[in-house]
Participant: 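Quick one: the structure is below, questions incoming.
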Amino acid sequence: MHIYPDYYDKFKCIADKCKHNCCIGWEIDIDEDTLAYYNSIEGEFGKRLRDNIELSDTPHFKLKSEERCPFLNDKNLCDIICTLGEKKLCTICSQHPRFHNELPDRIESGLGLCCEEAGRIILSQKEKTTLISDEKITTDDEIILLRDEIIRALQNRDKSIDERLYDMLALCDTTENNISIKELCDVMLSLEMLDKNWGELLSLLKENCEQLDTVDFDKYMSQRQHEYEQFCVYLIYRHFANSPDLYEAQSRACFVKLAYRLIYHLGALIYNKKGNFDLSDHIEVARMFSSEIEYSDENLYTLFDIA
Ligand code: SF4
């Protein structure tokens, strides 16, 4: 059974219009089948391919200055797509930003918030997200059943986001670690970091969190609570059902609350500094959080542990 959120098929890479191209700053590993195909390409482009692949334990593209993929051209378009077509990309490139969780009775797929276009699709969706499948969705897995109950609680629009998150923890029979925002910033700043802008934003929050005015910000965001709802539903969908046991699942629910608190306070900080916090600001904060945390197992598990 294959399950995915209702917005899943809306994604289309915005390529040269993307501010944070995913072909910059990451090591891009090449799967075996694609490597064999690239090795079979003849002529000048075949030579270019082979010259730009590092054949180590895990073959990958040799990044150029500023950690750009060697096939990302001056117009920020991919030369492999332009020359060979989209279907000839390696698995990582063709799948990004999609994720797939293989569970015993199903595969659950989604779009990762590390991509700004995926973030736009997810956070701007006003309707409640629903999970869909080509087959009738059934399960007797207790963690998936609990996760689905949590999603319903997170989408209960008769309640505030804080109340919904409280209900989520109650359903998991757990309570959160009451770590302060300042302490949370210290933990975040101690983690492996990709983007110095993320570190600067966290340092600014650490300096200002105790005098942050959230009253005006709450009023400002009152008609945009669906953005927080989507953020929390995305995280619980992505990280809860693949927990090895119920105990770990409880930590992951607490992680969602922690992530929400961080995103909320970063939003309040930006609002206090510049007098607004529009959807693109929200997408950017969520994108940075996702890139820094969800794509590093070490960082992700550190947060699961402290949550
Ligand atoms: S981050 Fe998303 S929109 Fe940007 S280039 Fe990558 S897949 Fe495309």
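In each ligand, atom 1 is the first atom listed, and ligand 1 is the first ligand listed.
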Participant: Using 2.8 Å as the cut-off, count the protein N, O or S atoms closer than that to atom 2 (Fe) of ligand 1.
Facilitator: 1
Participant: So which of Arg152, Arg157, Lys126, Arg224 actually passes salt bridge (charged side-chain N to carboxylate O under 4.0 Å, His left out) with Glu229?
Facilitator: Arg157
Participant: How about Thr91 and Gln95: does a side-chain donor come under 3.5 Å of a side-chain acceptor?
Facilitator: no
Participant: Could you check whether any side-chain N or O of Arg50 sits under 3.5 Å from a backbone N or O of Asn39, counting only pairs where one atom can act as donor and the other as acceptor?
Facilitator: yes
Participant: Compute the centroid of each ring, for Tyr220 and then for Phe277, and state whether the two points are separated by less than 6.0 Å.
Facilitator: no
Participant: Hydrophobic cluster mates of Ile107, side-chain heavy atoms under 4.5 angstrom, ILVMFWY only, any path?
Facilitator: none
Participant: Counting only heavy atoms not in Lys12, do more than 12 sit closer than 6.0 Å to its NZ atom?
Facilitator: no
